[in-house]
Amino acid sequence: MDVAPKDRLRAVDLAATVGISVQQVRNYVEVGVLPPTRRTASGYRIFTGEHARALTVARRLAEGHGWSRTREIMAAVHSGDLPAALAALDGGHAELDRERAEIRRVLGAFETVLASPPAARPAPRHGARIGEVAALVGVRTAQLRLWEERGLLRPGRTPGTNYRVYDEAELRAAQVIALLRRGAYPFEIIEAVLGELRTTGSPQRVRAELARREQELHARSLRRLRGSAALYDYLSARDDRHPVPRSDRRD
């Protein structure tokens with residue numbers, strides 16, 4: 001099907017619509033972000049309104065899904081592989097769902113920590129030995145060694161004897177681990193909790209930071225939703241312009 005001269009766009013005009021270079025437009029065609037182009041008799045690419053719409057959709061998708069996934073989605077669309085495009089799109093939304101669930105689990109863990117009074121503090125002069133810590137938090141010494149092997153605890157060592165000593169921060173960390181393990185929290189959540197505690201030093205500040213991240217996640221989710229909606233409109237318009245031949249339709 002020929003494209004009337006009045007419906008054609010120059011590469012420079014297409015690039016200007018979203019503020020990119022002509023070379024980027026060419027690159028987008030090569031990787032499938034834009035649909036294939038026809039060429040004039042003299043070899044110039046022919047761009048149309050469909051390319052402009054695809055470029056707008058790609059930019060909207062990238063705002064929510066990032067350029068790597070956007071290239072995957074658009075290339076699949078323009079190669080006729082709709083299932084692959086939808087799978088990539090669903091993968092992006094599933095990532096946010098997993099991240100949201102993890103934030104909620106960590107927030108729940110912090111609520112558990114905040115509701116628990118700190119363990120008795122060791123004498124500041126020497127700290128606490130492993131047996132004292134085990135008794136204070138209600139676990140065996142072997143459990144404390146295992147948590148240390150996993151990188152969750154970082155006790156100091158006494159000069160000469162090399163005995164483990166736990167200062168106030170490590171005693172609190174041991175209590176947090178024991179508390180959350182009793183609550184059936186997995187180690188990856190406990191590791192996230194301890195990492196946040198060591199960074200901020202305050203469970204209340206961590207809770208506020210996680211709540212802020214949750215709000216930022218909501219914003220990212222909305223951006224992905226807008227990108228998905230733009231893609232749906234684009235696919236619907238392509239179906240209207242490029243109907244499936246009757247012989248290829250299912251009854």
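Note that the structure is predicted; figures quoted are calculated from it, not measured. Both backbone and side-chain heavy atoms feed into the values below; hydrogens, waters and symmetry mates do not.
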Checklist entry - Backbone N or O of V31 within a donor-acceptor pair of the R71 side chain at under 3.5 Å? => result no

Next on the checklist: Test your reading of the model: is there a side-chain donor-acceptor pair from T141 to the backbone of I130, 3.5 Å cut-off?
Outcome noted: no

Item to check | Interatomic distance, D233 atom CG to S228 atom OG [nearest 0.5 angstrom] | outcome: 11.0 Å

Checklist entry - Do V165 and R129 come within less than 4.5 Å of each other through their side chains, counting heavy atoms only? => result yes

Checklist entry - Between CG of L146 and CD1 of I177, what distance do you get to the nearest 0.5 Å? => result 9.5 Å

Checklist entry - Any side-chain heavy atom of L235 sitting closer than 4.5 Å to one from Y232? => result no

Checklist entry - If two hydrophobic side chains count as joined below 4.5 Å and joins carry through other members, does L14 share a cluster with V12? => result no

Checklist entry - Looking only at heavy atoms, what is the nearest atom pair of L34 and A54, with distance? => result CD2-CB, 3.8 Å

Next on the checklist: With side-chain contact (heavy atoms from CB on, under 4.5 Å) as the criterion, how do V77 and Y234 come out once you've worked through the C-alpha distance, each side chain's angles and the decisive distance to 0.1 Å?
Outcome noted: CA-CA 10 Å; V77 167; Y234 179 67; 4.2 Å; yes

Checklist entry - What are the two closest heavy atoms between A58 and V33, and how far apart are they? => result CB-CG1, 3.6 Å

Item to check | Worked verdict on R98 versus E102 for salt bridge (charged side-chain N to carboxylate O under 4.0 Å, His left out) | outcome: CA-CA 6 Å; R98 290 191 295 269; E102 182 175 356; over 6 Å; no

Item to check | Minimum heavy-atom distance L144-A174, with the two atoms named | outcome: CD2-CB, 4.1 Å

Next on the checklist: Do Y166 and L153 have side chains that approach each other closer than 4.5 Å (heavy atoms only, starting at C-beta)?
Outcome noted: yes

Item to check | Salt-bridge contact E168-R172 (side-chain N to carboxylate O under 4.0 Å) | outcome: no

Checklist entry - Side chain of H78, backbone of M74: donor and acceptor closer than 3.5 Å? => result yes

Checklist entry - How about R154: does its CZ atom have over 12 heavy atoms from other parts shown lying under 6.0 Å from it? => result no

Next on the checklist: Strictly distance-based, threshold 3.5 Å: is any side-chain N or O of S221 a donor or acceptor partner for the main-chain N or O of L217?
Outcome noted: no

Next on the checklist: Under a 4.0 Å threshold between the charged nitrogen and the carboxylate oxygen, would R157 count as salt-bridged to E148?
Outcome noted: yes

Checklist entry - When hydrophobic residues are tied together by side-chain contacts of less than 4.5 Å, even through go-betweens, does L222 share a cluster with L61? => result no

Checklist entry - Should L107 and E214 count as side-chain neighbours, where that means a heavy-atom distance under 4.5 Å? => result yes

Item to check | Contact check, side chains of V29 and F47, non-hydrogen atoms, under 4.5 Å | outcome: yes

Checklist entry - Are the side chain of H51 and the backbone N or O of P36 linked by a donor-acceptor pair below 3.5 Å? => result yes

Checklist entry - Are any side-chain N or O atoms of R181 and backbone N or O atoms of Y185, one a donor and one an acceptor, separated by less than 3.5 Å? => result yes

Item to check | Heavy atoms of other groups near F187 CZ, more than 12 under 6.0 Å | outcome: yes

Next on the checklist: Restricting to non-hydrogen atoms, name the atom on V139 and the atom on A178 that form the minimum distance, rounded to 0.1 Å.
Outcome noted: CG1-CB, 4.0 Å

Item to check | Closest heavy-atom pair and its distance - V22, A15 | outcome: N-CB, 4.0 Å

Checklist entry - Could you state the interatomic distance from CG (L9) to CZ (R45), rounded to the nearest 0.5 Å? => result 14.5 Å

Next on the checklist: Between I20 and L55, is there a side-chain heavy-atom distance shorter than 4.5 Å?
Outcome noted: yes

Next on the checklist: Contact between E191 and L194 at the side-chain level, heavy atoms closer than 4.5 Å - yes or no?
Outcome noted: no

Checklist entry - Is there a salt bridge (charged side-chain N to carboxylate O under 4.0 Å, His left out) between E50 and R38 once you walk through the steps? => result CA-CA 12 Å; E50 183 175 5; R38 302 180 66 185; over 6 Å; no

Next on the checklist: Would you compute the distance between atom CG of L171 and atom CG of D167 and round it to the nearest 0.5 angstrom?
Outcome noted: 8.5 Å

Next on the checklist: My understanding is that only residues two or more places apart in sequence, or in another chain, count here; which of them pass ring pair (Phe, Tyr, Trp, His ring centres under 6.0 Å) with Y28?
Outcome noted: W67

Checklist entry - Pick one: which of R220, H218, E95, R105 meets side-chain contact (heavy atoms from CB on, under 4.5 Å) with R100? => result H218

Checklist outcome for this item: So salt bridge (charged side-chain N to carboxylate O under 4.0 Å, His left out) across residues 135-144, not counting sequence neighbours, yields none

Checklist entry - Between the side chains of R212 and Q215, does any donor sit under 3.5 Å from an acceptor? => result no

Next on the checklist: If I take atom CG from residue L86 and atom CG from residue D81, how far apart are they, to the nearest 0.5 angstrom?
Outcome noted: 9.5 Å

Item to check | Note, H65 side chain near R223 side chain (heavy atom, < 4.5 Å) | outcome: no

Item to check | Closest non-hydrogen atom pair, A76 against A85 | outcome: CB-N, 3.6 Å

Checklist entry - So if you build clusters from Ile, Leu, Val, Met, Phe, Trp, Tyr with side-chain heavy-atom gaps below 4.5 Å, do V133 and Y163 land together? => result no

Item to check | Side-chain donor or acceptor of R69 paired with backbone N/O of A88 under 3.5 Å | outcome: yes

Checklist entry - Has the side chain of R60 got a donor or acceptor atom that lies under 3.5 Å from a matching backbone atom of G227? => result no

Checklist entry - If you group Ile, Leu, Val, Met, Phe, Trp and Tyr by side-chain heavy-atom gaps below 4.5 Å, do L231 and L82 land in one group? => result yes

